[in-house]
Asker: 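First, the structure itself, so that you have it in front of you.
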Amino acid sequence: MTTLWQACLASPPYSIYTYEAPADLPKLMEGQRVLVPLGRSVRVAFLIEKTDTTPENIELKSIIWPLEKEPLLNENHFNLYRNIGTRQMQPLGKVLENVVPKRFRSAKVSFKVADRSFPARLKAMDIVRLSVEKRMELVDIYDQGRMNVSLPASIEKEDYVSLTCDPPWPVRPNAARQLQILEYIYENGPREKGFLKNIMGDWTAGVIKKLHSDSLVKVGAAPEEERNPSEKCSVTSAQWDFVPSRQQEKAIEELNSALDTGKSAVKLLHGITGSGKTLVYMTAARKCMEQGRSVILLVPEIALAYGLWNSLCPLFPDTRKYLYHGYQTPVRKEAIFRTLAEDGKPALIVGTRSALFLPVRNPGLIIIDEEHDESYKQEERLPYQAKEVAYVLSRMTDSLLVLGSATPDIKTFYAGSQGAFDVISMGKRVGKSVLPKVKVIDTSSIKDPEKPFAPETEARLKEVVEKGEQAVIMLNRRGFSPLIYCTDCEEPFKCPHCNVSMTYHKARERVICHYCGNAYPFPLPCSTCGGSNLLPLGGGTERLEEQVAKALPPDTRILRMDRDSTRRQEKLDEILKSFAKGNAQVLVGTQMLSKGHNFPGVTLVVVAEGDLGLNLPDYRSAERTFQLLVQVSGRAGRGDKPGEVLIQTRNPDNPIWGAVTSADYKTFFEKEIEKRRRFRYPPFTKLTLIRISHPLGWEGENLCPPFFNIIKDAAKEAGIMAMGPVPAPLSQLKGRKRFNCLLKSDDWMKTRKLYAEIVRRSPDKKQIRITMDLDPVNML
DNA sequence: AGCACGCCGACT
DNA sequence: GTCGGCGTGCTC
């Protein structure tokens, strides 16, 4: 008997199509992966449900064969994916493409058949051509488990361009295009041919061919990820010898009783830096697994996942545990995904936001550590907010969601204070350590760019170094100098694709665009007037490192931690370990420093420019600055000795400093929430950023102003407050002109409808890109 | 995504 | 003349 199935393609065109399932097929189930014919190709699709309606005027095709016996996706996760699709107005297939590991979406499979009457290997098209009798035979073989799916080891496209040697490269010095490609790859790592063509122009193909024939580059499969250190844990002690403090005990009790109810709940764990949140998580995790349910523990970054993994492994010696993040090898991702899909035994999963999509059978506890962190929001491809996804999952699975932070998201804390969920406070540090003293230092009178520190700061730094203690200096700006100024034409040197000032990186003798990654060798002539008097202005971490070395005794050891010095994961570990061991007295770095790392020897934290980021055109700039400064302050005095924090600012009158110096979240919250209420910003409105862009120098540019008027009218009609469209703060990025339109609405559904309307009325669907960013984190 | 078709330039 | 590059369009 033939049945009909709705199947969702996990690759373009992402449609949900109807396929026939004739009787000569194994048993099919919802959530299962199958091979289906599409046009003249074969694809992977996910079965959604049986149906009995036939679409009109379409000759239905038949499902070829299932790819596994047990469905890969359980109902909960299928619904979770649908939910994300609905929120983001994306088809389910698009969601699947982004959440299911690549190897589950590739149709390049063959079937190994252990039966004499068949060839040893069958491809999809071979199965299609079998007779009905033969296929019935094959069904039996399949049911007996004698038919297995196999994928080639690599399913990657083989068009990645990578370097074969380091600079200097033996090319003619004026072969500008060859050098541009070499330098770009040196700077940003191997790239696809098509990508290079997109950002540089149509000439790349020929130049790559030339470089390839000179064997300066190779073209092949994507390189093995470097960010994949061993997941083996060296420590094996199985003891659980931690004694909770009173406040930890209270927090644990509260989480335990929430776990005991077996119902969905949210708890915000508001614990100051150093109050021992991690051990609270671990105790709750143990309890949850004793109840036979799985735990998902999320952290914002891969480096933190590895750190947590190492400290948690010895505490859970006999537990099924998995480390999961987006930079693991495809084979490993596939293995973890499948294991969790097939085996419902309780497991402990540590990972980054993508771990939420693992088809864990029976989650009981989802923990989001540092819940204020912006990395929980994915911005590219399929945008989503991991906190929201976790909430939906916890509701669907009756599990407990724990949000932890010393500086919660204003929105989260507001919801808690309104009674949407419980807030558990931990206001004391564990052990002997106390919160550091924080002092604001006025640097408005310092005019000399060679002097990054006020006299007091410099004196304290020297003192700390002399005493053999450690200091951390944060400057949230990487590179040597963020501005290169031409003294002839008095223009800053800008990236031609992005129209933002390029940053000078001294050690690498390059100017680099921090937004698109484009790099040029330095020195170079001014792009405006051709003059050769380009002057680097202002300072980043690279220059600060030099300046610190000059200011402190010559034998002081200084380390630097930023995206440039930690290009490889091992480098980051190296720097962290080396500093923790006391091999250096000073650590200079960007906001990377503030994230969760434990430096027990640090007694002084200096923030070189506390104002950075405070004046960005973004309603969250104060919140972000507060969170960053409190978090980095929390790095001080974690050991036995008390800590001190010095924050330099050119605006000492800004009211934010009062809250930062006392690390008083509540005061900051009260002020900030008032501001948000007054100016109608989240959580008092549903904010959405519509981004509109078109290629630079596009001749249809004049279609935009009337289109923007249409948008304004449509918003008015929908009863949504719209600001713009206006040119975005970064008005030009990666070769596209950009416009932003900010929507304030009382209903997400209304906003989605308006977005759909805007997309529908776009005058040029090809050239104009329109994206919807619900509750934007980045307004630039 | 894959695979067709169709259009251009560069070789046997 | 054909081979092969890639732009465009379609897929139950």
Asker: Donor-acceptor pair, A:Tyr755 side chain versus A:Ile770 backbone, under 3.5 Å?
Answerer: yes

Asker: What are the residues of residues 5-16 of chain A, sorted by number, that bring a heavy atom to within less than 4.0 Å of DNA chain B?
Answerer: A:Ser11, A:Pro12

Asker: Under a 4.0 Å heavy-atom cut-off, which of residues 89-98 of chain A touch DNA chain C?
Answerer: none

Asker: So does A:Glu379 pair up with A:Lys377, basic N to acidic O under 4.0 Å?
Answerer: yes

Asker: Round to the nearest Å and state the distance from A:Asn57 atom CG to C:dC12 atom P.
Answerer: 14 Å

Asker: With a 3.5 Å cut-off and sequence neighbours excluded, list the donor-acceptor pairs that the side chains of residues 123-134 of chain A form with protein atoms.
Answerer:
unit_1: A:Asp126; atom_1: OD2; unit_2: A:Lys123; atom_2: N; d: 2.8
unit_1: A:Ser131; atom_1: OG; unit_2: A:Lys134; atom_2: N; d: 3.2
unit_1: A:Lys134; atom_1: NZ; unit_2: A:Ser117; atom_2: O; d: 3.0

Asker: Please produce a list of atom pairs where a protein N or O lies less than 3.5 Å from an N or O of nucleotides 8-10 of chain C.
Answerer:
none

Asker: For the side chain of A:Lys108, counting heavy atoms from C-beta on, which of C:dC12, B:dG2, B:dC3 is nearest?
Answerer: B:dG2

Asker: If you look at every strand shown and take non-hydrogen atoms under 4.0 Å, does A:Glu20 touch a base, only sugar-phosphate, or nothing?
Answerer: nothing

Asker: Ion pair present between A:Arg338 and A:Asp343, side-chain N to carboxylate O less than 4.0 angstrom?
Answerer: no

Asker: Is any side-chain N of the basic residue among A:Arg361 and A:Glu342 closer than 4.0 Å to the acidic one's carboxylate O?
Answerer: no

Asker: Round to the nearest Å and state the distance from A:Tyr19 atom OH to C:dC12 atom C1'.
Answerer: 5 Å

Asker: Is the ring pair A:Trp698/A:His694 parallel, tilted or perpendicular, if the boundaries are 30 and 60 degrees?
Answerer: tilted

Asker: With A:Leu730, which residues qualify under side-chain contact (heavy atoms from CB on, under 4.5 Å), at least two apart?
Answerer: A:Val500, A:Tyr515, A:Leu733, A:Arg738, A:Leu780

Asker: Rounded to the nearest angstrom, tell me the gap between atom NZ in A:Lys61 and atom P in B:dC3.
Answerer: 13 Å

Asker: Round to a whole Å and report the spacing from CG of A:Leu38 to C1' of B:dG2.
Answerer: 9 Å

Asker: Quick one: sort the A:Trp65 and A:Tyr142 rings into parallel, tilted or perpendicular, breaks at 30° and 60°.
Answerer: perpendicular

Asker: Give a yes or no on whether a salt bridge exists between A:Glu20 and A:Lys61, defined as a side-chain N under 4.0 angstrom from a carboxylate O.
Answerer: no

Asker: How long is the line joining CZ of A:Arg40 and P of B:dC3, in whole Å?
Answerer: 11 Å

Asker: Do NZ/NE/NH1/NH2 and the carboxylate oxygens of A:Lys753 and A:Glu757 come within less than 4.0 Å?
Answerer: no

Asker: For residues 380-387 of chain A, which side-chain donor-acceptor pairs fall under 3.5 Å, sequence neighbours excluded?
Answerer:
unit_1: A:Arg381; atom_1: NE; unit_2: A:Asn98; atom_2: OD1; d: 3.2
unit_1: A:Gln385; atom_1: OE1; unit_2: A:Lys387; atom_2: N; d: 3.2
unit_1: A:Lys387; atom_1: NZ; unit_2: A:Glu371; atom_2: O; d: 2.9
unit_1: A:Lys387; atom_1: NZ; unit_2: A:Glu371; atom_2: OE1; d: 3.0
unit_1: A:Lys387; atom_1: NZ; unit_2: A:Asp409; atom_2: OD2; d: 3.0

